[in-house]
Amino acid sequence: MTTTIPATITVIHSISRHSIGDASASDAAWQETVRAACEAEIEAELARLYPDADVTVSVEIAEQDALRVETDSDALDTIREQVRQASNRGFDRACG
């Protein structure tokens with residue numbers, strides 16, 4: 001089976017605020033640090049793996065974790081896993 005190379009990838013990733021702090025002002029700054037690190041890591045990974053794809057990534061802090069990946073490729077599960085791994089690296093980088 002041949003996997004199609006994606007022309008477009010759209011990621012909407014929600015990170016639970018409960019996993020990275022509460023609603024205090026200091027936690028809001030920390031949450032933004034984590035959000036930005038995860039978003040940057042996902043964008044960089046997808047750009048590296050799929051340099052010709054039109055990639056859109058949005059990471060937000062929300063009530064619960066959620067991940068939505070849309071693509072025109074049949075490699076959706078693979079791309080979803082790549083996004084998860086990149087997000088985890090971003091989180092680890094923010095914590096390091």
Side-chain angles (χ1 to χ4, degrees):
M1 179 176 155
T2 303
T3 301
T4 58
I5 298 172
T8 63
I9 303 170
T10 301
V11 175
I12 301 172
H13 182 35
S14 300
I15 301 172
S16 168
R17 70 179 32 105
H18 306 291
S19 14
I20 55 175
D22 60 30
S24 71
S26 62
D27 280 343
W30 167 245
Q31 289 173 357
E32 176 54 26
T33 298
V34 171
R35 186 209 64 74
C38 292
E39 188 171 271
E41 191 69 32
I42 293 167
E43 287 174 342
E45 181 70 354
L46 293 177
R48 182 184 72 78
L49 293 170
Y50 309 104
D52 296 328
D54 179 20
V55 175
T56 304
V57 177
S58 175
V59 175
E60 58 190 25
I61 305 300
E63 288 302 312
Q64 62 186 14
D65 291 330
L67 175 61
R68 190 172 96 211
V69 177
E70 297 174 359
T71 183
D72 59 342
S73 171
D74 57 359
L76 179 60
D77 290 338
T78 299
I79 294 169
R80 187 179 290 125
E81 183 58 29
Q82 292 163 337
V83 167
R84 280 189 188 106
Q85 290 175 8
S87 180
N88 288 340
R89 284 192 305 274
F91 184 88
D92 290 346
R93 191 176 75 226
C95 294

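The shown structure was predicted, so the numbers you read here are calculated from the model rather than taken from an experiment. Side chains are part of it too, since the values below use all heavy atoms of this structure and drop only hydrogens, waters and symmetry mates. Residue numbers count from 1 along this sequence.
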Passing candidate, side-chain contact (heavy atoms from CB on, under 4.5 Å) with Ile61, options Arg17, Glu32, His18
Arg17
Measuring from Ser87:OG to His13:NE2, what's the distance to the nearest 0.5 Å?
3.0 Å
May I have the list of side-chain donor-acceptor pairs in residues 88-96 shorter than 3.5 Å, sequence neighbours left out?
residue	atom	partner	partner atom	Å
Asn88	ND2	Arg84	O	3.4
Arg89	NE	Glu41	OE2	3.2
Arg89	NH2	Glu45	OE1	3.4
Arg93	NH1	Glu41	OE1	2.5
Arg93	NH2	Ala37	O	3.4

The criterion is salt bridge (Lys or Arg N to Asp or Glu O under 4.0 Å); which residues satisfy it with Glu60, sequence neighbours excluded?
none
Say whether Ile42 and Leu67 are linked into one hydrophobic cluster, either directly or through other cluster members, by side-chain heavy-atom distances under 4.5 angstrom.
yes
Apply the test side-chain contact (heavy atoms from CB on, under 4.5 Å) to residues Asp77 and Arg80: give CA-CA distance (whole Å), side-chain angles for both, the deciding distance (0.1 Å), then the verdict.
CA-CA 5 Å; Asp77 290 338; Arg80 187 179 290 125; 3.2 Å; yes
In Å, rounded to the nearest 0.5 Å, how long is the span from CD1 of Ile12 to CD of Glu70?
6.5 Å
side-chain contact (heavy atoms from CB on, under 4.5 Å) involving Gln64 - partner list, sequence neighbours excluded:
none
Donor-acceptor pairs are to be reported for all side-chain atoms of residues 50-59 against protein atoms at under 3.5 Å, with residues two or more places apart or in another chain.
residue	atom	partner	partner atom	Å
Tyr50	OH	Gln82	OE1	2.7
Tyr50	OH	Gln82	NE2	3.3

Set of residues satisfying side-chain contact (heavy atoms from CB on, under 4.5 Å) with respect to Thr71, sequence neighbours excluded:
Pro6, Ile9, Ser73, Leu76, Ile79
